[in-house]
Amino acid sequence: MITRLLPLDRPMQLEVNVSCLTGCFCAEVLYPHGTPVEGYGPALGQLEALDVWHQMTWDGCITVSPVPNGLCRFGLTLFHGSLFSHRWSRVPKFTQSFQKVEYPKV
């Protein structure tokens, strides 16, 4: 699924409500004409075996950096699951970070 045009003129974050207990979900950030934004491809933004609201990360980074024209789309791919909703929102100033977030290994 390709989303409508979304604002990306400031740091933003994507949260998804997805159920993919036996599959996977991928999200990629696209320029308005459909070309992937470097660093936000589907291989870097993949979730597996999920059934909750989840904040998307791309290679560990939760913040999507602004692009020159200030607009983007998302390419969302789901295998064996359901996408219920997504939330595209500004990153609060006190949590804006362009560094990777390291999650503990389970």
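Predicted model only: the values in this text are computed from it and were never measured.
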task: For Asn69, check side-chain contact (heavy atoms from CB on, under 4.5 Å) against everything at least two apart and list the hits.
output: Pro32, Val67, Leu71
- prompt: Between Leu6 and Phe74, is any pair of side-chain heavy atoms under 4.5 Å apart?
  reply: yes
message: Under 4.5 Å between side-chain heavy atoms, counting indirect links through other Ile/Leu/Val/Met/Phe/Trp/Tyr residues: same cluster for Val18 and Ile2 or not?
response: no
task: Please tell me if the side chains of Pro11 and Ser65 come closer than 4.5 Å, counting only heavy atoms from C-beta onward.
output: no
Distance (rounded to the nearest 0.5 Å) between Gln13 CD and Arg90 CZ: 12.0 Å
task: Please round to the nearest 0.5 Å and tell me the distance separating atom CD of Gln46 and atom CD of Glu28.
output: 11.5 Å
- request: Please name all residues satisfying side-chain contact (heavy atoms from CB on, under 4.5 Å) with Leu44, sequence neighbours left out, ordered by chain then number.
  value: Trp58, Asp59
message: Using side-chain heavy atoms (C-beta onward) and a distance below 4.5 Å, is Phe25 in contact with Leu83?
response: yes
task: Let me see the working for Val37 and Leu8 under side-chain contact (heavy atoms from CB on, under 4.5 Å), right down to the final yes or no.
output: CA-CA 12 Å; Val37 175; Leu8 188 49; 5.6 Å; no
message: Does any part of the side chain of His54, heavy atoms only, come nearer than 4.5 Å to the side chain of Glu15, both counted from C-beta?
response: no
query: Tell me, do Val16 and Leu76 make a side-chain contact under 4.5 Å, heavy atoms counted?
result: no
message: In the structure I gave you, are the side-chain heavy atoms of Tyr31 and Cys72 within less than 4.5 Å of one another anywhere?
response: no
task: Would you indicate whether the side-chain heavy atoms of Leu78 and Cys20 approach each other to under 4.5 Å?
output: yes
message: Less than 4.5 Å apart, side chain to side chain, heavy atoms only: is that true for His86 and Leu14?
response: yes
message: Do Met56 and Met1 land in one hydrophobic cluster if side-chain heavy atoms of ILVMFWY residues count as linked below 4.5 Å?
response: yes
- request: Look only at the side chain of Arg73 and the backbone of Thr3, and say whether a donor-acceptor pair between them is shorter than 3.5 Å.
  value: yes
